[in-house]
Each structure stands twice: as C-alpha cells, then as structure tokens.
Asks: 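Would you mind keeping the following structure in view while I ask a few things?
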Amino acid sequence: MCCVLTWPAHITVSSEKIEFKDLVINLKTYEAKAGDRLLDLTFMEYELLKFFIEHQENAWSREQLLEEVWGYDYFGGARTVDVHVRRLRAKLGEKRSEWIKTIHSVGYKFN
C-alpha cells in the first residue's frame, strides 16, 4: 500500500526542486540556494537540510537523524549531528539559521 505525502502550503515540491521560503534545493544537481546565493554545502549538510525541510512536523533526536540521514552503517558518535547542524546554520546565515531549532534533551526541529 502506498501513501501520499502532503506538504505544508509554504513548501513547494517538484521532481526537480524543493522550495521553502527563499531556500531552493535542486534535487537534480544537489545544490542549494538561499536567496541568490549558492550555498557551499557538503553532501551530508545537503542531505540533512533536505531531510529537515521534508520532515518539519517532527522533532528528531540525534540518533534518529543519524539513522535517517547518515544511514544504518554509520559508526560515528551522535555528536556529529551537532557539528553538521552548527555548520549548516552558519552556511544558511543569521536569519535562516533560526529555522533549525534546538529542542533541549531531544535534538532538533526545522522551522
């Protein structure tokens, strides 16, 4: 049985891109733009940002993010998520960095 994904009104999704406010993630080129600025993201930063935008309805623990974004084969520590979130916030810039909320004693939530 297949399920249909529904997106909040402020997210636009197509087969080629996901748009959230002034952030555009290109699914074909693995690039992300904030406004007119191309973000210099690593592959994992890109995947983490994409995951956050696609799953805004939930708060995610570090362990859940490792499993969902990094995959089952990742053997590093959960604090690697903190490092990636910190770098991602810096690359998004001051006003957009607030989109990634820290949920104390839990992990992170987007928006």
Asks: Look at the side chain of R89 and the backbone N and O of I100, then say whether any donor-acceptor pair between them is shorter than 3.5 Å.
Replies: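 Side chain of R89 to backbone of I100: a pair is present.
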Asks: Is the backbone of Q56 close enough, under 3.5 Å, to the side chain of K109 for a donor and an acceptor to pair up by distance?
Replies: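 Side chain of K109 to backbone of Q56, a donor-acceptor pair under 3.5 Å: yes, one is there.
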Asks: Mind checking whether W60 and H55 have parallel, tilted or perpendicular rings, split at 30° and 60°?
Replies: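 Judged by the thresholds at 30° and 60°, the geometry between W60 and H55 is perpendicular.
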Asks: Near R62 CZ, under 6.0 Å, is it more than 12 heavy atoms from other residues, nucleotides or ligands?
Replies: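 Yes, CZ of R62 has more than 12 neighbouring heavy atoms, counting only those of other groups under 6.0 Å.
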Asks: Got a salt bridge between E45 and R87, using NZ or NE/NH1/NH2 to carboxylate O under 4.0 Å?
Replies: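 No salt bridge links E45 with R87.
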Asks: Heavy atoms only: give me the nearest L48-V69 pair and the separation to one decimal.
Replies: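 The pair with the smallest heavy-atom distance is N-CG1, 3.9 Å.
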Asks: Listed by chain and number, what are the side chain to side chain donor-acceptor pair (under 3.5 Å) partners of R37, not counting sequence neighbours?
Replies: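 Side chain to side chain donor-acceptor pair (under 3.5 Å) check on R37 returns nothing, list empty.
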Asks: Assess the residue pair V81 and Y108 against the criterion (side chain to side chain contact (heavy atoms under 4.5 Å, CB included)); give the C-alpha distance rounded to whole Å, side-chain angles, the decisive distance to 0.1 Å, and a yes or no.
Replies: CA-CA 10 Å; V81 174; Y108 298 98; 3.9 Å; yes
Asks: Are the side chain of R96 and the backbone of L92 linked by a donor-acceptor contact shorter than 3.5 Å?
Replies: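 Judged by distance alone, yes, a pair lies under 3.5 Å.
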Asks: With a 4.5 Å cut-off on side-chain heavy-atom distances among I, L, V, M, F, W and Y, is there a chain of contacts connecting L38 to F43?
Replies: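 No; tracing contacts between hydrophobic side chains, which count when under 4.5 Å, never links both residues.
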Asks: Please round to the nearest 0.5 Å and tell me the distance separating atom OG1 of T102 and atom CZ of R86.
Replies: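 Going from OG1 on T102 over to CZ on R86, the span is 11.5 Å.
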Asks: With sequence neighbours left out, what residues match K50 under side chain to side chain contact (heavy atoms under 4.5 Å, CB included)?
Replies: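 Once residues adjacent in sequence are excluded, the partners of K50 under the side chain to side chain contact (heavy atoms under 4.5 Å, CB included) criterion are I18, I25, L27, Y46, E47, E54.
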Asks: Can you give me the closest heavy-atom contact between L49 and A32, atom names plus distance?
Replies: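 Scanning both residues, the minimum pair turns out to be CD2-CB, 4.4 Å.
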Asks: How about OH on Y30, more than 12 heavy atoms from neighbouring residues, nucleotides or ligands closer than 6.0 Å, or not?
Replies: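 Check fails, neighbour count at 12 or below.
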Asks: Tell me, yes or no, whether the heavy-atom count around E57 atom CD, taken from other residues, nucleotides or ligands under 6.0 Å, exceeds 12.
Replies: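 Yes - once you tally the heavy atoms of other residues, nucleotides and ligands closer than 6.0 Å, there are more than 12.
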Asks: May I have the step-by-step check of side chain to side chain contact (heavy atoms under 4.5 Å, CB included) for F52 and N111, ending in yes or no?
Replies: CA-CA 9 Å; F52 275 141; N111 194 12; over 6 Å; no
Asks: Are L39 and V24 in one and the same hydrophobic cluster, where Ile, Leu, Val, Met, Phe, Trp and Tyr link if side-chain heavy atoms are under 4.5 Å apart?
Replies: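 No, it is not one cluster - the side chains of L39 and V24 are not joined through contacts under 4.5 Å.
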Asks: Has E67 got a side-chain atom pairing as donor or acceptor with Q64's backbone, closer than 3.5 angstrom?
Replies: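 No, E67 side chain to Q64 backbone: no donor-acceptor pair under 3.5 Å.
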Asks: Taking K33 first and then E31, would you say they form a salt bridge - that is, a charged N and a carboxylate O separated by under 4.0 Å?
Replies: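 No, no charged N to carboxylate O under 4.0 Å.
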Asks: Taking the six-membered ring for Trp, are F20 and F110 closer than 6.0 Å centroid to centroid?
Replies: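 Centroid distance F20-F110: below 6.0 Å, so yes.
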Asks: Which other residues belong to the hydrophobic cluster containing I103, where Ile, Leu, Val, Met, Phe, Trp and Tyr are joined when side-chain heavy atoms lie under 4.5 Å apart, directly or via other members?
Replies: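 Its cluster partners, ordered by chain and number, are V106.
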